[in-house]
Amino acid sequence: MNILLLFVFIPILMIGLLFLTNSMKTIRSIMVAGATALLALSIVLVILFLRERAIDPIAEMLFISSWSWYAPLNISFTVGVDGISVAMLMLSSIIVFTGVFSSWNMNMAKEFFLWYCLLSIGVYGFFITIDLFSMFMFYEVALIPMYLLIGLWGTGKKEYAAMKLTLMLMGGSAFLLVGIIGIFYTSGHVTFNLLEIANNLHIPIEHQRWIFPATFLGFGVLGALFPFHTWSPDGHASAPTAVSMLHAGVLMKLGGYGCFRVAIYLMPEAAHELGWIFLILTGISVVYGAFSAVVQTDLKYINAYSSVSHCGLVLFAILMMNRTAMTGAIMQMLSHGLMTALFFALIGLIYGRTHTRDIREMGGLMKIMPFASVCYVIAGLASLGLPGLSGFVAEMTIFVGSFQNAGVFRTVLTIIACCSIVITAVYILRTVGKILYGPVQNEHHLHLADAAWYEKISTVGLILAIVFMGFYPSGVAEMISNSIIPIIERLAGV
Amino acid sequence: MNFSNFLLMGQETGLIVVVIILFFCDIFSTGKTAKWFYPLSIILFSILTLWGFCPKPEGEAFGGIFVTSDMTVLMKNILNIATLLVFLQSYRWLNSKEQSEEKGEFFIITLITLLGMYLMVSANNFMMLYIGMETASLPLACLAAFNKHQEKSAEAGVKFILISALASAVMLFGLSFLYGAMGTLYFNDMSLTVLNNPVTIFGLVFFLGGLGFKLSLVPFHLWTADVYEGAPTSVTAYLSVVSKGAATFALIFALFKVFGSMDIVWQNIIWWLSVITITLGNLFAIRQKDIKRFFAFSSISQAGYILVGIIAYNAQGMTATVYYILAYVFSNLAAFAVISAVENQSGKTSIAAFNGLYKSNPKLTLVMMLSVFSLGGIPVCVGFFSKLFIFLAAASAGQYVLIFIVVLNTVISLYYYLLIILAMFIKEPEESAVATFKSDIYNRIGMLICVVGILAVGLVSGIYSYINSLNWVI
């Protein structure tokens with residue numbers, strides 16, 4: 001029994017238990033117990049991982065187990081983690097945990113949490129597996145619950161948004177599937193195992209030239225790559241709070257992680273040759289997302305476009321292809337996951353009380369709900385990169401790494417991307433100033449209550465994680481950075 | 001005459017015995033005993049289905065026009081399972097006022113068509129294949145017109161018989177060319193003498209056309225929507241799964257055994273057929289308002305996927321195709337079980353009738369959801385695995401462009417499958433919505449089998465490995 005399998009078994013168990021119950025109380029206790037168990041499991045995994053890593057500093061992946069599945073096709077179910085996946089699992093657990101508290105008062109709670117658990121199975125499964133077949137399977141498992149979660153519990157143009165999101169992401173996975181099948185047959189020996197392909201086999205360059213764009217694009221759609229990012233604002237704006245949190249916080253990271261683990265790792269030659277195309281696209285993502293956020297008036301749209309910008313930065317840093325930038329990319333995934341989840345949790349909180357997300361109709365919330373407002377300010381500061389919070393660490397590392405690259409092209413792009421920091425400050429400060437300070441716009445808002453205890457758990461949990469990352473970046477960076485070495489070696493060996 | 005030949009025809013003989021027993025039971029079951037007829041038929045046919053899984057001898061019979069191997073036995077078993085599922089979901093329809101007198105006919109006629117399909121699968125000679133196809137087609141027209149008091153059903157029957165006759169004629173025309181080119185209709189002999197000359201290609205094209213009608217490939221699909229809509233729902237289910245499955249199996253054997261040496265020619269044809277079939281099937285399905293017509297077009301596009309597996313022309317392709325049919329049996333019949341439950345309850349077959357079904361009948365909705373997800377290729381349903389294996393098979397033959405087109409089509413198909421999900425879960429029910437009801441025990445058993453099939457066949461890899469392990473010869 002491998003400890004990693006628990007990440008999939010616990011949500012399955014939760015689904016089974018949820019089926020049996022109908023009372024709101026039991027449903028809540030199942031969810032809290034399950035989410036806590038997952039969080040504890042992630043912490044245990046981090047400790048075990050660090051201990052194993054100290055014993056065996058060379059192995060690329062730890063906790064590897066493999067079960068033969070479809071023997072005639074040489075498909076097996078293989079799990080294993082390195083520092084990056086451990087970090088991702090930790091992130092997912094934090095967000096799943098806080099998401100449960102943010103959706104404390106859902107109607108049709110049973111169905112909601114059933115889909116929620118299915119979504120988390122997909123996310124966890126994706127991060128623990130190291131073979132393309134199971135990765136793709138879990139990837140799709142994570143996508144499809146979004147349709148119903150948005151369609152049923154969403155707000156606004158939910159049917160349109162749900163369909164758009166699902167179809168665009170599935171369209172991306174179509175590219176991905178073709179790419180994966182290409183890898184399966186062209187690497188020299190039919191196998192889906194990532195480590196085997198990376199270390200013992202080689203995909204010929206003429207095949208890399210089409211497989212690399214296909215896989216990068218496939219994962220890039222989920223990572224909000226520029227022309228294919230349009231699902232994200234609509235989807236996030238319509239989704240219910242916890243779903244926005246999980247989707248922006250974790251699911252979009254699947255895209256970045258996939259680009260990193262599959263596209264760049266397995267096809268370093270093509271990454272060098274064709275990376276510039278995607279570098280331009282991600283550069284556009286970064287700046288365009290930030291500019292779009294400036295002109296939005298809906299809180300969720302602001303945050304969704306800011307996600308486009310920040311996730312663009314993840315892909316941007318991955319494509320810079322050096323150790324510092326890639327470490328920064330992973331840190332940015334963690335940091336963005338935490339702070340965007342915090343944002344969405346707070347927006348959900350505010351919207352649940354004011355029933356509007358239009359920033360023009362709000363004001364002076366600081367007096368009305370001081371707790372939520374302070375949290376919002378912290379989230380904003382993290383987002384614009386205040387030292388001591390996670391955003392600063394991540395973006396700093398990314399830009400330092402990017403400047404290490406020689407060549408005018410990359411330097412210019414880095415400078416352009418750096419501008420996004422300033423624009424981020426514009427929209428964050430504008431929003432904070434508009435809704436938290438100033439006169440109260442609507443006198444009904446004066447009687448609104450501050451955050452309830454369950455909402456406090458969710459926001460405080462996220463803030464703690466953000467502050468931890470801000471004050472102790474070296475621990476996180478070290479764990480990640482060691483796991484990047486094999487990839488950098490492959491890239492350098494070209 | 002060597003009677004030991006009949007020993008090789010175990011399943012066929014068993015089926016004929018069942019038909020004869022049912023025939024006499026039908027004559028003598030009147031009045032009080034009539035209500036036992038349905039359970040008896042189910043039990044008899046279940047026994048036959050289970051017996052199909054016992055080991056069977058392999059070999060050729062009647063001078064080589066009939067062949068049986070573990071592969072054909074497996075194919076017949078798949079057809080049996082599908083037919084059993086169709087029977088299970090027809091209980092309420094058969095016990096309705098209009099049909100209660102004609103239960104016997106339904107079972108007997110259906111089983112006779114099944115016999116024809118057995119012969120198609122086991123055919124090792126084009127004449128045998130033709131006879132099997134005719135035996136399977138003519139009674140099916142009868143079944144399509146089974147609701148004889150309904151105009152639409154009668155229309156479906158007439159359309160089906162005309163199209164079947166046309167398809168047979170086209171196919172026979174092709175076969176006569178093949179005979180002219182090679183002087184024999186035995187698969188084994190033909191594979192030795194087949195040459196890539198215009199006459200053979202001409203014959204091949206017409207043969208494919210004939211089978212294309214049965215498989216409802218575009219451009220031979222025009223009858224499908226009307227017949228599916230008009231025929232009784234159980235018959236539609238039978239047409240869309242069993243009939244299609246048998247035609248697929250026959251197509252695999254004919255192409256792989258006989259035309260193996262001219263694979264480039266038929267791979268080209270099939271490439272285009274599958275692309276057109278999937279794309280047009282998908283595009284038409286989007287606009288359907290009637291759920292039976294919807295599934296007609298969905299099944300057209302599914303037929304296109306089947307071709308993607310065949311195009312590989314290797315062991316992997318054959319395994320993937322047979323596996324695909326098995327997956328399709330469970331997925332599609334689960335949907336039809338729900339459709340027939342809703343239709344028998346409310347008399348409605350429009351997609352709008354499914355609006356808000358989740359609120360009144362959550363369990364039915366979940367079955368339908370699994371079925372639709374499986375057809376759309378969402379994990380962990382079996383449809384995901386079967387589609388993936390089909391693509392892997394096609395990729396092993398280097399057909400990347402085809403895979404790309406087909407995978408993009410999967411996204412389109414997901415759109416219209418999600419429309420069903422949208423109707424069931426998200427839309428508000430109409431005023432005359434389907435009320436909460438309990439389906440009959442047989443239908444529930446059928447749905448349970450389908451759900452287990454959808455969830456288990458993919459995750460348990462043994463089934464794929466078993467299909468792969470069966471010996472067969474190109």
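Every chain is numbered from 1 and lettered A, B, ... according to where its sequence line falls, protein lines coming before strand lines.
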- Give the C-alpha distance, both sets of side-chain angles, the deciding distance and a yes or no for side chain to side chain contact (heavy atoms under 4.5 Å, CB included) between B:Phe391 and A:Ile180. CA-CA 11 Å; B:Phe391 298 149; A:Ile180 286 177; over 6 Å; no
- Let me see the working for A:Tyr70 and B:Asn468 under side chain to side chain contact (heavy atoms under 4.5 Å, CB included), right down to the final yes or no. CA-CA 10 Å; A:Tyr70 280 96; B:Asn468 197 56; over 6 Å; no
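Interface residue A:Ile181: backbone and side-chain heavy atoms are both found under 4.5 Å from chain B. The contact between A:Leu152 and chain B is made by backbone and side chain atoms together, counting heavy-atom distances below 4.5 Å. Heavy atoms of B:Phe384 lying under 4.5 Å from chain A belong exclusively to its side chain. Within the 4.5 angstrom heavy-atom criterion, atoms from both the backbone and the side chain of A:Met170 approach chain B. Contacts between B:Thr410 and chain A at a heavy-atom distance below 4.5 Å are absent for every atom of the residue. Contact of B:Ile412 with chain A is not made at all, since no heavy-atom distance falls under 4.5 Å. For A:Ile75, the part lying near chain B is the side chain, with the backbone staying farther off; criterion is any non-hydrogen pair under 4.5 Å. At a 4.5 Å heavy-atom cutoff, the contact between A:Leu167 and chain B is made by backbone and side-chain atoms alike. For chain A, no part of B:Val406 is nearby; none of its heavy atoms comes within less than 4.5 Å.
With A:Tyr185 contributing its side chain and B:Leu392 its backbone, the two residues share a donor-acceptor pair below 3.5 Å. Put simply, the side chain of A:Trp69 never gets that close to the backbone of B:Val460: no donor and acceptor are under 3.5 Å apart.
Chosen from B:Gly376, B:Ala395, B:Gly377, the residue pairing most often with chain A at heavy-atom distances under 4.5 Å is B:Ala395.
At most 12 non-hydrogen atoms from other residues, nucleotides or ligands lie less than 6.0 angstrom from CD1 of B:Ile264.
Interface residues of residues 350-366 of chain B toward chain A, defined by a heavy-atom distance below 4.5 Å and sorted by number: B:Tyr358, B:Leu366. Residues of residues 415-426 of chain B that come within less than 4.5 angstrom of chain A, heavy atom to heavy atom, are B:Tyr415, B:Leu418, B:Leu419, B:Ile421, B:Leu422, B:Phe425, B:Ile426 in numerical order.
B:Phe389 and A:Phe133 have parallel rings, their planes meeting at less than 30° on a 0 to 90° scale where 60° marks the start of perpendicular. Using cut-offs of 30° and 60° on the angle between ring planes, the pair A:Trp115 and B:Phe373 is perpendicular.
Annotation: the span from A:Ile144 atom CD1 to B:Met369 atom CE amounts to 9.5 Å, rounded to 0.5 Å. Summarising the geometry, atom CG belonging to A:Leu73 is positioned 8.5 Å from atom OG1 belonging to B:Thr319; distances are rounded to the nearest 0.5 Å. Between the CZ atom in A:Phe175 and the CZ atom in B:Phe404 there is a gap of 4.0 Å [rounded to 0.5 Å]. Distance check, rounded to the nearest 0.5 Å: CE of A:Met137 to CD1 of B:Ile378 gives 12.5 Å.
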